[in-house]
Amino acid sequence: MSNTNPQRRVWRDIYVFDGLRTLPEPMAVITEGARVASLVSMREFDEKLVEGCHDMGRGGVMTPGLVDCHTHLVFGGSRADEFEARLEGVSYEEIARRGGGILRTVTATREASEDELFELAKPRLEAMIADGVTTVEIKSGYGLTVEDELKMLRVARRLGEALPVRVVTTLLGAHALPPEFKSDSDGYIDLVCQEMVPAAAKENLADAVDVFCEKIAFSVAQCERVFEAAEAHSLPIKAHAEQLSNLGGTAMAARHGALSADHIEFLDETGIAALRNAGSVAVILPGAFHTLRETQQPPIAALRAAGVPMAVATDANPGSSPLFMPSLMLNLACTLFRLTPQEALAGMTAHGATALGLKGEGRIHAGAMADLCVWDIDTPAALAYAVQPGRLRQRLFQGELTHAV
Ligand code: NIG
Ligand code: FE
């Protein structure tokens with residue numbers, strides 16, 4: 001009979017990226033149940049430490065489970081035809097003005113039942129899990145009625161119950177102006193503030209509230225009203241801001257203590273200072289930049305110089321970023337935006353967690369939750385260097401082994 005304790009596991013000779021940096025020497029990592037029990041360098045390692053531990057192997061790279069802090073994974077329909085139109089020169093804004101874009105997805109999402117949306121989203125999330133994700137944020141924003149927004153959030157919650165991944169939900173009622181409110185944008189914001197936010201809070205369906213602050217969506221003043229409604233229900237806030245133009249939404253969101261400002265290609269020095277002062281995270285979304293063939297770069301060097309933490313996420317959605325592969329974003333963040341591989345990885349672990357209000361998570365240290373990935377690579381930079389599925393050797397979610405090759 002074996003006297004190993006399946007609740008205690010050990011990895012030997014492994015390089016560890018701890019969520020912020022790569023530890024300088026090969027380590028031994030020990031987990032006990034749902035937690036990391038200890039991290040010791042192989043120089044100080046003593047076999048006595050791990051007597052009875054289940055042997056999880058040697059070599060490779062360990063990272064925290066990936067955190068994708070910005071997705072729109074729940075939706076109906078497809079927008080492949082808009083992809084073709086954009087390639088022919090029609091802009092994202094023009095498609096939206098013609099009633100396509102987000103509103104196309106709204107129609108398809110309203111038509112779909114909760115069960116149908118669940119079945120559509122499940123394989124998308126399973127693919128992310130197979131890519132190493134252990135925490136994912138999912139936004140509403142394609143319902144735009146109280147009932148349809150709650151329906152989307154319920155699907156998101158159900159996904160988190162059905163699959164071995166933590167789902168953090170965000171109400172994005174102020175994503176686009178629904179056709180029923182055409183030319184009554186303020187009336188729609190009233191609905192978001194007076195009905196949607198309270199309903200989502202009451203049913204505990206939203207962990208945060210988001211807005212799309214942009215000329216084709218809502219003004220800074222309208223977004224501020226949504227934030228005030230969120231604050232009245234003690235919900236944290238975040239914003240899609242400065243994606244297509246510089247309206248000052250980021251600075252306003254930061255004044256309200258936003259967890260993050262996302263996209264921010266057009267962010268200026270004032271916005272950067274506001275993020276720094278508020279301790280908000282800048283969420284970089286290279287998938288949308290790539291898909292929309294944007295040319296305006298987010299101000300990475302200035303954010304870095306200001307010490308603003310940068311998260312990296314997929315923005316997975318049917319329009320601006322139909323890219324459901326978090327590890328690809330590590331590569332794009334480096335190639336398109338010149339993040340270092342370490343910055344990109346921190347952006348999808350520790351800083352991604354902070355952008356979700358989970359400060360201190362997405363890290364590996366004694367006592368941390370054992371959300372872990374072990375990769376068949378020899379240096380953490382290799383994760384960003386190559387886009388190569390199949391390198392995930394093991395994945396642990398809250399100490400449970402969910403993937404092993
Ligand atoms: O994050 N910017 C606004 N919202 C989404 C796009 C959603 C869509 O096109 O369906 C984004 O890019
Ligand atoms: Fe988005």
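Keep in mind that the numbers below use all heavy atoms, side chains included, and drop hydrogens, waters and symmetry copies.
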Any donor-acceptor pair under 3.5 Å from [X] side chain to [Y] backbone:
X: Gln342; Y: Thr22; result: yes
X: Ser140; Y: Glu149; result: no
X: Tyr15; Y: Pro24; result: no
X: Ser219; Y: Lys215; result: no
X: Arg395; Y: Asp131; result: no
X: Ser245; Y: Leu247; result: no
X: Ser321; Y: Asn317; result: no
X: Glu82; Y: Gly101; result: yes
X: Arg391; Y: Gln388; result: yes

(message) Between Gln222 and Asp186, does the side-chain contact (heavy atoms from CB on, under 4.5 Å) criterion hold? Intermediate values first, please.
(response) CA-CA 7 Å; Gln222 289 173 325; Asp186 286 327; 2.8 Å; yes
(request) Decide if atom OH of Tyr385 counts as having more than 12 heavy atoms of other residues, nucleotides or ligands within a radius under 6.0 Å. (result) no
Between the side chains of [X] and [Y], is a donor N or O closer than 3.5 angstrom to an acceptor N or O?
X: Thr169; Y: Arg157; value: yes
X: His263; Y: Glu242; value: no
X: Arg79; Y: Thr105; value: yes
X: His256; Y: Glu231; value: yes

Are [X] and [Y] ion-paired here, with the side-chain N under 4.0 Å from a carboxylate O?
X: Glu180; Y: Arg110; result: yes
X: Glu147; Y: Lys151; result: no
X: Arg104; Y: Asp81; result: yes
X: Arg9; Y: Glu32; result: no
X: Arg158; Y: Asp115; result: yes
X: Glu119; Y: Lys122; result: no

State, to 0.1 Å, how close [X] and [Y] come at their nearest heavy-atom pair, and which atoms those are.
X: Gly65; Y: Thr134; answer: CA-OG1, 3.2 Å
X: Pro198; Y: Val192; answer: CD-O, 4.2 Å
X: Glu265; Y: Leu285; answer: OE2-O, 4.4 Å
X: Met252; Y: Val220; answer: CE-O, 3.5 Å
X: Val10; Y: Cys53; answer: CG1-CB, 3.8 Å
X: Leu159; Y: Ala121; answer: CD1-CB, 3.7 Å

How many angstroms lie between atom [atom1] of [X] and atom [atom2] of [Y], to the nearest 0.5 angstrom?
X: Arg363; Y: Leu358; atom1: CZ; atom2: CG; value: 13.5 Å
X: Met325; Y: Leu332; atom1: CE; atom2: CG; value: 10.0 Å
X: Thr145; Y: Glu195; atom1: OG1; atom2: CD; value: 10.5 Å
X: Leu125; Y: Ile138; atom1: CG; atom2: CD1; value: 5.5 Å
X: Lys202; Y: Asn204; atom1: NZ; atom2: CG; value: 12.0 Å
X: Leu259; Y: Ile237; atom1: CG; atom2: CD1; value: 7.5 Å

Does any part of the side chain of [Y], heavy atoms only, come nearer than 4.5 Å to the side chain of [X], both counted from C-beta?
X: Ser320; Y: Tyr92; answer: yes
X: Phe324; Y: Pro322; answer: yes
X: Glu361; Y: Val67; answer: no
X: His290; Y: Leu323; answer: yes
X: Pro164; Y: Glu400; answer: no
X: Leu191; Y: Met196; answer: yes
X: Val209; Y: Pro236; answer: no
X: Ile102; Y: His175; answer: yes

Throw together a table of side-chain donor-acceptor distances under 3.5 angstrom for residues 370-383, partners on residues two or more places apart or in other chains.
{"from": "Asp371", "atom 1": "OD1", "to": "Gln398", "atom 2": "N", "distance (Å)": "2.7"}
{"from": "Trp375", "atom 1": "NE1", "to": "Thr63", "atom 2": "OG1", "distance (Å)": "2.9"}
{"from": "Asp376", "atom 1": "OD1", "to": "Arg393", "atom 2": "NE", "distance (Å)": "2.7"}
{"from": "Asp376", "atom 1": "OD1", "to": "Arg393", "atom 2": "NH2", "distance (Å)": "2.8"}
{"from": "Thr379", "atom 1": "OG1", "to": "Ala381", "atom 2": "N", "distance (Å)": "3.4"}

(request) Please identify each residue that fulfils ring-ring contact (aromatic ring centres under 6.0 Å, His included) with Phe75, with sequence neighbours left out. (result) none
(request) Apply side-chain contact (heavy atoms from CB on, under 4.5 Å) to the pair Trp11 and Ile30, showing each step before the final yes or no. (result) CA-CA 7 Å; Trp11 289 260; Ile30 301 159; over 6 Å; no
(request) Just do the side-chain contact (heavy atoms from CB on, under 4.5 Å) check on Val283 and Ile264 with the steps written out, would you? (result) CA-CA 8 Å; Val283 178; Ile264 58 164; over 6 Å; no
(request) Any chance you could lay out the side-chain contact (heavy atoms from CB on, under 4.5 Å) test for Met42 and Met27, step after step, and finish with the verdict? (result) CA-CA 5 Å; Met42 286 309 290; Met27 306 294 288; 5.8 Å; no
If you look only at distance, which donor and acceptor atoms sit under 3.5 Å apart when one is on a side chain in residues 304-315 and the other is two or more places apart or in another chain?
{"from": "Arg304", "atom 1": "NE", "to": "Glu343", "atom 2": "OE2", "distance (Å)": "2.6"}
{"from": "Arg304", "atom 1": "NH2", "to": "Arg338", "atom 2": "O", "distance (Å)": "3.2"}
{"from": "Arg304", "atom 1": "NH2", "to": "Glu343", "atom 2": "OE1", "distance (Å)": "2.8"}
{"from": "Thr314", "atom 1": "OG1", "to": "Asp68", "atom 2": "OD1", "distance (Å)": "3.4"}
{"from": "Thr314", "atom 1": "OG1", "to": "Asp68", "atom 2": "OD2", "distance (Å)": "2.6"}
{"from": "Thr314", "atom 1": "OG1", "to": "Ala316", "atom 2": "N", "distance (Å)": "3.1"}
{"from": "Asp315", "atom 1": "OD1", "to": "His70", "atom 2": "NE2", "distance (Å)": "2.9"}
{"from": "Asp315", "atom 1": "OD1", "to": "His72", "atom 2": "NE2", "distance (Å)": "3.0"}

(request) Report the residue from Lys238, Lys139, Glu137 that forms a side chain to side chain donor-acceptor pair (under 3.5 Å) with Thr170. (result) Glu137
(message) Please evaluate residues Asp262 and Ser260 with respect to the criterion side chain to side chain donor-acceptor pair (under 3.5 Å), reporting the C-alpha separation (whole Å), side-chain torsions for both, the decisive distance (0.1 Å), and the verdict.
(response) CA-CA 6 Å; Asp262 302 35; Ser260 69; 2.7 Å; yes
